[in-house]
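Input: a single structure, listed below in structure tokens.
The chains referred to below are lettered A, B, ... by the order of the sequence lines, with proteins before strands, and numbering in each begins at 1.
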Amino acid sequence: MLLNNYQTDDFFDEMFTEGGNGVRPHYQRVADRLQLLDIAEHRRKQTAVDLAFMRGGVTFTVYDDDQGTERIFPFDLVPRVIPDTEWQRIEKGLIQRITALNLFLHDIYHDQKILKDRIIPPHYILGAKHFRREFMGFNVPKDIYVHICGTDLIRDREGNYLVLEDNLRCPSGASYMLENRAALKRAFPDLYRSARVQPVDNYAADLRKVLQYVSPPSLGSGQPNVVLMTPGVFNSAYFEHSFLARQMGIPIVEGRDLVVRDARVYMRTTSGLVPVDVIYRRIDDDFLDPTVFRSDSLLGVPGLVHAYRSGNVSLANSIGTGVADDKVVYYFVPKIIKYYLGEDPILPNVDTYLASEPEDRVFILGNLEKLVVKSANEAGGYGMLMGPWASKEEIESFRVQVRANPRNFIAQHPISLSRHPTWCNTDLGGGFEGRHVDLRPYILYGEKITVTPGGLTRVALRKGSLVVNSSQGGGSKDTWVLHGDS
Amino acid sequence: MVILKFTATSPHPLPASFSRMSELIIPSVQKPISNRRDSLFMLSRVANSLYWMSRYIERSENVARLLDVNLQLMLDFADFDEAQLEKHWLPILCSSGDEKTFFKLYEKADSESVTEFLTFSEENPNSILSCLFAARENARQVRDQISLEMFETLNECYLFLKSSNAREIWQTGAHDFYEQIKKYSHLFQGLTGSTFTRNEGYEFINLGKFLERADKTTRILDLKYHILLPSVADVGGAVDAAQWQAILRSASALEAYRRFHVEDILPKKVAEFLIFSPTFPRSLLSCMQHLDEDLHRLSGNERREYKSAEERAFCKLLSDMNFITIDEILKNGLHQFLQLVQTTLDRLDDHIYQEYMYHPPVDTQSEILLHQQQMQQQQ
């Protein structure tokens with residue numbers, strides 16, 4: 001009943017075919033179940049889910065007063081569904097992409113063939129903010145640079161999947177993928193059972209295997225001591241850190257729990273110093289070690305990088321991966337795939353303009369009000385201009401910034417992201433409306449590459465908004481990859 | 001090949017205080033290295049958080065019970081004047097050691113001011129509210145170590161206290177409020193027993209719980225020590241009887257006491273029961289026996305082997321308790337005895353910290369110096 005007045009408007013809708021008349025086959029079960037739902041039942045389920053998140057501390061803290069208020073990330077009960085065949089293509093595309101990016105990282109930290117062959121102008125790499133020239137010639141265990149990757153995918157008006165950005169430093173959100181699944185199973189147990197959904201529960205076990213796999217060669221076949229390093233309880237993703245540590249059964253440590261002696265990392269335990277072999281770090285390169293990077297870092301461990309260089313401790317992800325998710329380098333990823341793998345990209349990029357290329361720059365500056373402009377190294381929806389929705393002042397401020405530092409900016413045409421039926425509260429109680437969504441699958445690179453089926457679907461809860469980031473009014477959904485196509 | 005020019009990313013200007021070379025230049029000596037890879041080790045910070053989480057919960061429960069019992073007791077003495085009220089509440093206030101803070105905030109000690117201060121005051125680090133917030137913050141620090149059920153209970157308690165509901169319940173019926181607090185504590189401790197792995201962390205949780213409980217039992221008993229001065233040992237009117245009953249109830253001991261001593265509630269017997277009962281789980285002796293077992297399990301030491309003078313002093317006191325009688329204690333002064341116990345427990349707390357939780361601090365500048373020196377290649 002609640003879906004009867006649903007409007008797809010002029011967007012690609014995940015659930016309904018063009019015009020909103022037919023339900024796509026892989027959504028039939030979900031649609032049937034939603035038709036049985038009434039406002040009161042929805043409210044009961046939503047309250048139960050929200051309460052469970054609150055009680056379980058699946059929250060982030062907002063420090064807008066001296067108390068610190070705990071909020072949950074809004075969770076929408078309607079799952080996003082992907083048929084198996086569609087998913088297999090996505091999976092292949094993601095594996096292709098991470099394989100190429102990993103070869104790229106190895107190359108630019110060794111022979112730099114891709115620069116010598118002039119596939120990428122060298123200054124883009126050598127001048128990149130996250131390029132770590134100190135690690136030229138350094139060999140990482142098993143030659144794996146990116147162990148954990150979260151790639152943001154979007155769908156355009158025709159429903160084609162495009163890569164919006166790669167997150168190769170400390171991608172977050174995997175815990176929400178797991179918690180959302182648990183919440184949805186509680187809310188719609190019968191629907192879930194009948195839909196035959198591929199499980200996501202192996203993520204933590206897979207991650208642990210990856211971390212063990214990349215332990216320092218000097219350790220031999222011994223069981224490594226693996227830890228998760230967090231910035232601390234005040235970090236917005238602290239819940240995720242402790243969640244993953246608990247799921248993997250490894251200690252969660254802060255910088256102050258670690259000390260380096262004779263190029264080895266130790267943790268401070270009740271029985272003295274205990275060696276650390278692998279660190280899943282959720283801290284940026286810059287803060288890892290005050291002796292090498294930012295000398296004012298209080299989060300890091302003096303000597304950590306020396307221990308890493310000496311091959312006594314492994315880091316996931318490796319130092320210096322940020323150069324590959326620079327948004328200027330993003331522009332070159334299709335070429336990177338072609339160069340290293342000789343293949344065409346399975347998942348295309350969004351068409352991108354580079355402000356440092358004179359022709360592109362003229363175009364960007366002349367069309368700021370029509371384009372999305374992004375800083376090369378920001379995340380979380382920050383440092384971004386949404387031209388069509390921006391004020392005159394914002395546009396002019398970006399004009400000045402782009403002119404002053406063109407290397408730091410790219411521009412894209414706004415993509416009208418696909419929409420998905422999402423619960424929206426209204427004066428009458430609420431109902432389903434279309435809201436824009438993206439998809440962040442998680443890719444793990446160890447002995448083999450695994451992509452957890454599905455990932456985190458983020459949804460822009462504000463009407464018309466295209467920004468899905470949790471820091472900017474975004475929510476999330478459970479994501480189902482079916483065992484078949486319907 | 002693209003030629004790379006190495007530029008230092010961080011010049012490290014020496015701090016002004018660097019002239020004090022002797023202090024800064026020597027990297028601190030750390031604790032010994034143990035090459036464990038059995039995944040049974042426990043971070044010192046985690047041990048500290050588990051210990052304090054547990055202590056704070058036990059403390060909140062004890063404060064809740066103490067206030068609940070005394071508020072009910074006051075119902076029987078509705079005709080108390082201001083002086084009598086103060087005489088009743090002041091020792092309770094002093095037992096938590098925060099009377100200075102109290103008098104900064106309130107003018108006089110009566111039922112309302114003292115209970116409010118010990119329940120909701122955020123300025124009072126030992127109020128129920130402060131204790132449970134601190135317990136929950138510690139739990140958050142070790143969220144990966146404790147069971148989901150334990151965290152959820154503590155988190156629910158925190159959300160309850162944060163809600164306006166809590167104060168309303170307290171105002172309309174303080175008893176219901178304190179019941180609720182006690183239930184959270186019981187639930188938490190029960191869940192710890194049924195969901196927490198019996199590893200080193202469990203010892204720290206137990207140490208925190210029993211140390212706090214032992215300390216609180218001495219303080220509850222100390223509230224009435226003046227009645228047990230030898231000269232007035234036999235004195236006791238209706239007020240005193242009721243108050244001794246209140247003391248037993250403050251330690252959840254009234255029914256247990258009755259089972260052992262069917263006769264009247266006699267001050268000496270109450271003191272004896274709360275100190276020496278080998279079977280009542282809140283008696284001083286029981287708590288200390290638990291502490292003793294946990295300490296030995298933790299250190300792996302045999303009997304007669306001690307990690308520190310503080311630990312030895314504690315074990316000696318426990319041993320002495322097997323020989324002294326309540327009459328001897330009363331003769332030498334109950335208050336003095338209780339103080340000795342409190343001091344010994346304080347030192348034991350210090351021992352636990354020094355032995356398992358403390359690590360020598362590292363000074364960033366001298367660490368930087370150490371690692372830079374070690375990084376220089378010599379050809």
Side-chain angles (χ1 to χ4, degrees), chain A residues 54-57 67 70 111-112 115-116 122 126 133-134 136 219 222-225 228 233 238-239 241-247 249-254 256-257 259-264 266-275 277 289-295 298 301-303 305-306 309, chain B residues 1-2 4-7 9-13 27-28 30-47 136-137 139-146 148 151-153 155-156 158-159 162 200 204 298 355-357 359 361-362 364-372 374-375:
Chain A
M54 201 69 192
R55 274 166 34 118
Q67 301 266 309
E70 311 235 333
D111 300 337
Q112 303 190 329
L115 306 185
K116 285 180 226 164
L126 305 180
R133 63 188 64 216
E134 305 89 324
M136 284 300 299
L219 190 64
Q223 189 80 337
N225 279 341
L228 185 150
V233 284
Y238 180 75
F239 162 73
H241 305 159
S242 65
F243 177 88
L244 290 175
R246 196 168 70 237
Q247 296 273 317
I250 62 173
I252 178 168
V253 302
E254 296 177 21
R256 58 188 162 124
D257 296 321
V259 62
V260 176
R261 286 289 175 268
D262 299 324
R264 281 177 194 278
Y266 296 97
M267 56 188 144
R268 309 169 118 195
T269 79
T270 55
S271 40
L273 300 181
V274 168
D277 306 307
D289 183 347
T291 59
V292 179
F293 302 122
R294 283 180 62 150
S295 57
L298 301 174
V301 188
V305 168
H306 181 40
R309 249 183 212 293
Chain B
M1 176 75 194
V2 178
L4 294 166
K5 198 172 150 237
F6 185 87
T7 49
T9 43
S10 55
H12 299 283
S28 59
Q30 295 290 310
K31 291 203 169 177
I33 291 166
S34 85
N35 273 309
R36 298 177 70 160
R37 281 196 176 75
D38 51 10
S39 77
L40 293 173
F41 50 81
M42 167 153 284
L43 287 182
S44 294
R45 179 175 57 82
V46 168
R136 192 259 190 179
E137 203 45 47
R140 229 162 80 80
Q141 293 266 0
V142 294
R143 180 77 162 74
D144 57 313
Q145 299 281 331
I146 58 178
L148 180 65
F151 182 78
E152 275 190 350
T153 304
N155 200 37
E156 248 179 78
Y158 166 83
L159 295 170
K162 278 276 242 196
E200 209 179 323
F204 287 108
L298 206 52
E355 182 63 37
Y356 300 106
M357 298 159 186
H359 280 264
V362 289
T364 309
Q365 290 299 330
S366 54
E367 287 293 305
I368 288 173
L369 197 74
L370 167 74
H371 296 298
Q372 285 183 347
Q374 289 189 347
M375 272 187 270

Select one option (side chain, backbone, both, neither) describing which atoms of [X] are under 4.5 Å from chain B's heavy atoms.
| X | result |
| --- | --- |
| V260(A) | both |
| D277(A) | side chain |
| V259(A) | side chain |
| I250(A) | backbone |
| V301(A) | neither |

Considering only heavy atoms and a distance below 4.5 Å, find which of [options] pairs most often with chain B.
| options | result |
| --- | --- |
| G222(A), S242(A), G249(A), P251(A) | S242(A) |
| P275(A), G57(A), G303(A) | P275(A) |
| E254(A), R256(A), R268(A), H306(A) | R268(A) |

(request) Work out which heavy atom in R133(A) is nearest to a heavy atom in L126(A); give both atom names and the distance. (result)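 Distance-wise, the nearest heavy atoms are NH2-O, 3.1 Å.
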(request) Verify the neighbour count for atom CD1 of I33(B): are there more than 12 heavy atoms of other residues, nucleotides or ligands below 6.0 Å? (result)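 More than 12 within 6.0 Å, yes.
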(request) Could you tell me how the ring of Y238(A) sits relative to the ring of H241(A): parallel (under 30°), tilted (30 to 60°) or perpendicular (over 60°)? (result)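 Geometry flag for H241(A) against Y238(A): perpendicular rings.
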(request) Taking atom types as modelled, find out whether T291(A) and H371(B) have a side-chain donor-acceptor pair closer than 3.5 angstrom. (result)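 The answer is no; no qualifying pair exists.
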(message) If I measure from the heavy atoms of chain A, does E156(B) come under 4.5 Å with its side chain, its backbone, both, or neither?
(response)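 For E156(B), the contact with chain A is made by the side chain alone.
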(request) Establish, for the pair R261(A) and Y266(A), whether the NZ or CZ atom is under 6.0 angstrom from the six-membered ring centre and no further than 45 degrees off its axis. (result)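 Ring-cation test returns no.
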(request) With a 4.5 Å cut-off on heavy-atom pairs, point out which of K31(B), E355(B), M357(B) contacts chain A the most. (result)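 With the most close heavy-atom pairs to chain A, the winner is K31(B).
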(message) If we ignore hydrogens and angles and just use 3.5 Å, is the side chain of R140(B) paired with the main-chain N or O of V233(A) as donor and acceptor?
(response)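 Yes, R140(B) side chain to V233(A) backbone: donor-acceptor pair under 3.5 Å.
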(request) Say whether, by atom type as modelled, one donor and one acceptor occur between the side chain of T270(A) and the main chain of S44(B) under 3.5 angstrom. (result)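 Flag not set: sc T270(A) to bb S44(B) has no pair under 3.5 Å.
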